[in-house]
Amino acid sequence: MSKILITGGLGYIGSHTAVVLIEKGYEVVLVDNLSNTREEVLDGIEQITGKRPVFYAMDLAEKQQVSDLFAREKDLIGAIHFAAYKAVGESVQEPLKYYQNNLCSLIYLLAALDQIPGSALIFSSSCTVYGQADTLPITELAPIKPAESPYGNTKQIGEEIIRDLCAVSDRIKAIALRYFNPIGAHSSALIGELPLGVPQNLVPFITQTAIGIRERLSVFGDQYPTPDGTCIRDYIHVVDLAEAHLAALERILGGGMPENFEVFNVGTGQGNSVLEVVHAFEAATGVKLNYAIAPKRAGDVIAAYADTQKVEQVLGWKARYTLEESLAASWAWEQNIRKK
Ligand code: UD1
């Protein structure tokens with residue numbers, strides 16, 4: 001049974017990926033510094049899978065802690081690296097916090113994996129590396145644009161660090177997955193996104209408005225050059241996204257990877273505007289949403305959605321859930337956490 005480390009394993013995408021791997025028979029070791037989640041997520045993972053994974057509350061940006069972890073968990077063969085700070089606005093205010101945390105943790109993790117022959121790394125990257133792409137849908141060959149924030153820059157630099165190591169090491173292979181916009185939650189509604197404070201992302205703000213925690217959703221801008229004037233994104237169900245990590249891991253462990261480093265877009269291939277998401281939420285849940293048009297948000301790109309040909313052909317992975325299903329899952333999760 002292959003033993004895989006999942007960093008940020010109690011986070012939103014990490015916890016769903018842990019479930020997918022456990023259900024596939026992997027032994028997983030989770031680490032998380034609990035900076036943006038809670039230890040109770042472990043209970044949700046256990047309730048879904050019937051197994052309670054080994055968990056370490058630790059900081060990967062501390063070199064000694066990473067060495068100790070690998071000394072203790074000797075037969076690790078790979079890692080899926082989610083652990084990172086991700087608040088765009090905060091990263092502008094506190095750039096060093098972002099560079100230190102997101103890059104040191106990656107470097108220490110790579111150094112440890114590079115001691116293990118045949119090891120695999122899956123890295124959480126983001127479609128933010130493309131900025132406003134010149135052509136849509138966005139393929140993996142689209143140029144990387146100057147980062148809009150230190151957060152975005154940590155994803156670009158992270159990919160470069162991995163590429164440079166993979167170019168010279170014959171011990172490690174890696175895949176970077178460039179996520180579009182993850183939404184939704186596990187069908188059990190036992191795990192999902194736990195935004196602390198006021199949500200910055202669209203769907204958590206919608207569900208909190210629908211349940212009455214927020215008075216009204218602000219739609220950031222309706223004069224963009226899109227059919228209804230609002231921004232377009234590619235919203236992908238988090239369980240689909242988790243399954244893409246399994247496919248990427250198995251590509252590396254299966255030994256069929258010709259290059260030591262590859263990148264894939266992970267999205268549905270479908271672009272939806274903010275207003276389409278609002279209306280799809282109303283249709284999927286029957287809940288009327290209070291919203292108003294507000295000024296643009298600084299740094300937003302007009303439109304981003306994935307060309308999914310490469311990920312479909314090479315990883316054999318394709319998103320299964322519709323936008324309505326994903327939004328219904330987000331809503332079920334929101335209702336469930338408010339009951340607790
Ligand atoms: C954002 C980040 C991106 C990061 C991703 C992580 C910015 C500019 N981008 O992506 O770097 O990788 O989160 O999850 O912060 N919207 C509203 N009202 C709201 C919230 C959002 O209208 O209250 C709109 C936004 O203008 C955007 C769309 O909804 O058009 C999606 O926004 P969001 O969920 O924040 O994702 P991104 O901006 O795509």
Side-chain angles (χ1 to χ4, degrees), residues 8 11-14 16 36 82 84-93 98 102 123-133 136 138 144-156 158-159 176-184 192-210 213-238 241 265-268 271-281 289-306 323 326-327 330:
Y12 177 40
I13 311 171
H16 288 84
N36 194 26
F82 296 104
Y85 293 147
K86 59 163 193 166
V88 175
E90 186 188 53
S91 81
V92 175
Q93 297 307 317
Y98 275 68
N102 293 7
F123 177 65
S124 295
S125 189
S126 169
C127 67
T128 195
V129 302
Y130 300 117
Q132 180 56 67
L136 293 166
I138 303 173
I144 302 300
K145 295 279 176 77
E148 287 273 349
S149 69
Y151 158 75
N153 211 17
T154 65
K155 295 299 176 191
Q156 297 192 6
E159 286 193 13
L177 298 179
R178 294 175 176 163
Y179 314 151
F180 283 69
N181 291 54
I183 63 168
E193 189 170 11
L194 278 172
L196 299 182
V198 181
Q200 305 297 310
N201 294 116
L202 178 62
V203 172
F205 206 101
I206 287 178
T207 57
Q208 288 198 8
T209 305
I213 298 172
R214 311 284 156 205
E215 196 194 329
R216 179 190 310 125
L217 168 75
S218 294
V219 173
F220 296 144
D222 71 343
Q223 300 297 316
Y224 285 99
T226 62
D228 67 17
T230 65
C231 293
I232 292 175
R233 297 287 183 274
D234 181 335
Y235 295 92
I236 174 168
H237 196 297
V238 66
L241 179 54
N265 286 340
V266 189
T268 65
N272 287 105
S273 73
V274 178
L275 288 178
E276 282 173 344
V277 174
V278 167
H279 296 133
F281 179 83
L289 203 67
N290 186 21
Y291 70 89
I293 305 300
K296 283 181 179 181
R297 180 171 71 177
D300 271 340
V301 299
I302 303 161
Y305 50 95
L323 178 64
S326 304
L327 291 166
S330 291

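One is the number of the first residue; the rest follow in order along the sequence. One-based numbering, in listed order, for ligands and for the atoms of each. These numbers come from the heavy atoms of this one structure, side chains and all, not from hydrogens, waters or symmetry mates.
Residues Y151 and E90 have side chains that never bring a donor and an acceptor to within less than 3.5 angstrom of each other. Using a 3.5 Å distance cut-off with no hydrogens or angles, the side chains of Y224 and D300 do not pair a donor with an acceptor.
Within the 4.0 Å heavy-atom criterion, neither part of K86 lies near ligand 1. Contact annotation: for L217 versus ligand 1, heavy atoms closer than 4.0 Å belong to the side chain alone. Under 4.0 angstrom from ligand 1, the non-hydrogen atoms of L202 come from both its backbone and its side chain. Neither the backbone nor the side chain of C127 has a heavy atom within less than 4.0 Å of ligand 1.
Every salt bridge (charged side-chain N to carboxylate O under 4.0 Å, His left out) that E159 has, sequence neighbours left out, goes to R178.
Contact between Y291 and H279 at its shortest, heavy atoms only, is OH-NE2, 3.5 Å. Across all non-hydrogen atoms, the minimal contact from N102 to Y85 is OD1-N, 2.9 Å.
Not a single heavy atom of G152 sits less than 4.0 Å from an atom of ligand 1. Note on ligand 1: F180 sits outside its first shell, no heavy atom being nearer than 4.0 Å.
I138 CD1 to Y130 OH: the interatomic distance, rounded to the nearest 0.5 Å, is 7.0 Å. Taken from CG in L241 to CD1 in I183, the straight-line distance is 11.5 Å, to the nearest 0.5 Å.
Of all the listed residues (N272, V88, L275, I13), V88 holds the heavy atom that lies closest to atom 11 (O) of ligand 1. With Y235, Y291, Y151, Y179 as candidates, the residue nearest to atom 12 (O) of ligand 1 on a non-hydrogen basis is Y151. The residue among N201, T209, N181 with a heavy atom at the shortest distance from atom 14 (O) of ligand 1 is N201.
Here the heavy atom of the protein found nearest to atom 24 (C) of ligand 1 is V274 CG2, 3.8 Å. Looking from atom 38 (O) of ligand 1 to the surrounding protein, the closest heavy atom is R297 NH2, 2.7 Å. Protein heavy atom closest to atom 26 (O) of ligand 1, with residue, atom name and distance, is D300 OD2, 2.6 Å. Summary of contacts: the protein heavy atom closest to atom 39 (O) of ligand 1 is R233 NE, 2.6 Å.
Under a 4.0 Å criterion applied to the non-hydrogen atoms of C231, ligand 1 contributes the atoms 30 (O). Of all the atoms in ligand 1, the ones that sit under 4.0 Å from a non-hydrogen atom of V219 are 22 (O). Shown in contact with Q200 at under 4.0 Å from a heavy atom are these atoms of ligand 1, numbered in order with element: 20 (C), 35 (O). Close approach to T128 involves these atoms of ligand 1, each under 4.0 Å from a residue heavy atom: 11 (O). Atoms of ligand 1 found under 4.0 Å from any heavy atom of S218 (numbered from 1 in listed order, with element): 17 (C), 18 (N), 19 (C), 22 (O), 23 (O). Distances below 4.0 Å separate heavy atoms of S126 from the following atoms of ligand 1: 12 (O).
Polar contact with ligand 1: present for F220 (N/O pair, distance under 3.5 Å).
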**Asked** Going through the checks in order, is the side chain to side chain contact (heavy atoms under 4.5 Å, CB included) test met by S125 and Q156?
**Response** CA-CA 8 Å; S125 189; Q156 297 192 6; over 6 Å; no
**Message:** Set out, in order, the CA-CA distance, both residues' side-chain angles and the distance that settles side chain to side chain contact (heavy atoms under 4.5 Å, CB included) for F281 and T207, then state yes or no.
**Reply:** CA-CA 9 Å; F281 179 83; T207 57; 4.0 Å; yes
**Message:** As a quick check of understanding, evaluate side chain to side chain contact (heavy atoms under 4.5 Å, CB included) for R214 and V198, giving each step before the final call.
**Reply:** CA-CA 9 Å; R214 311 284 156 205; V198 181; 3.7 Å; yes
Validation: residues 227-236 side-chain donor-acceptor distances under 3.5 Å, sequence neighbours left out:
from: D228; atom 1: OD1; to: T230; atom 2: N; distance (Å): 2.9
from: D228; atom 1: OD1; to: T230; atom 2: OG1; distance (Å): 2.7
from: D228; atom 1: OD2; to: S273; atom 2: OG; distance (Å): 2.6
from: T230; atom 1: OG1; to: V274; atom 2: N; distance (Å): 3.2
from: T230; atom 1: OG1; to: L275; atom 2: N; distance (Å): 3.4
from: R233; atom 1: NH1; to: V301; atom 2: O; distance (Å): 3.1
from: R233; atom 1: NH2; to: V301; atom 2: O; distance (Å): 3.1
from: D234; atom 1: OD1; to: T268; atom 2: N; distance (Å): 2.8
from: D234; atom 1: OD1; to: T268; atom 2: OG1; distance (Å): 2.7
from: D234; atom 1: OD2; to: T268; atom 2: N; distance (Å): 3.2
from: D234; atom 1: OD2; to: G269; atom 2: N; distance (Å): 2.9
from: D234; atom 1: OD2; to: A306; atom 2: N; distance (Å): 3.1

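Heavy atoms from other residues, nucleotides or ligands lying under 6.0 Å from CD of E148 number 12 at most.
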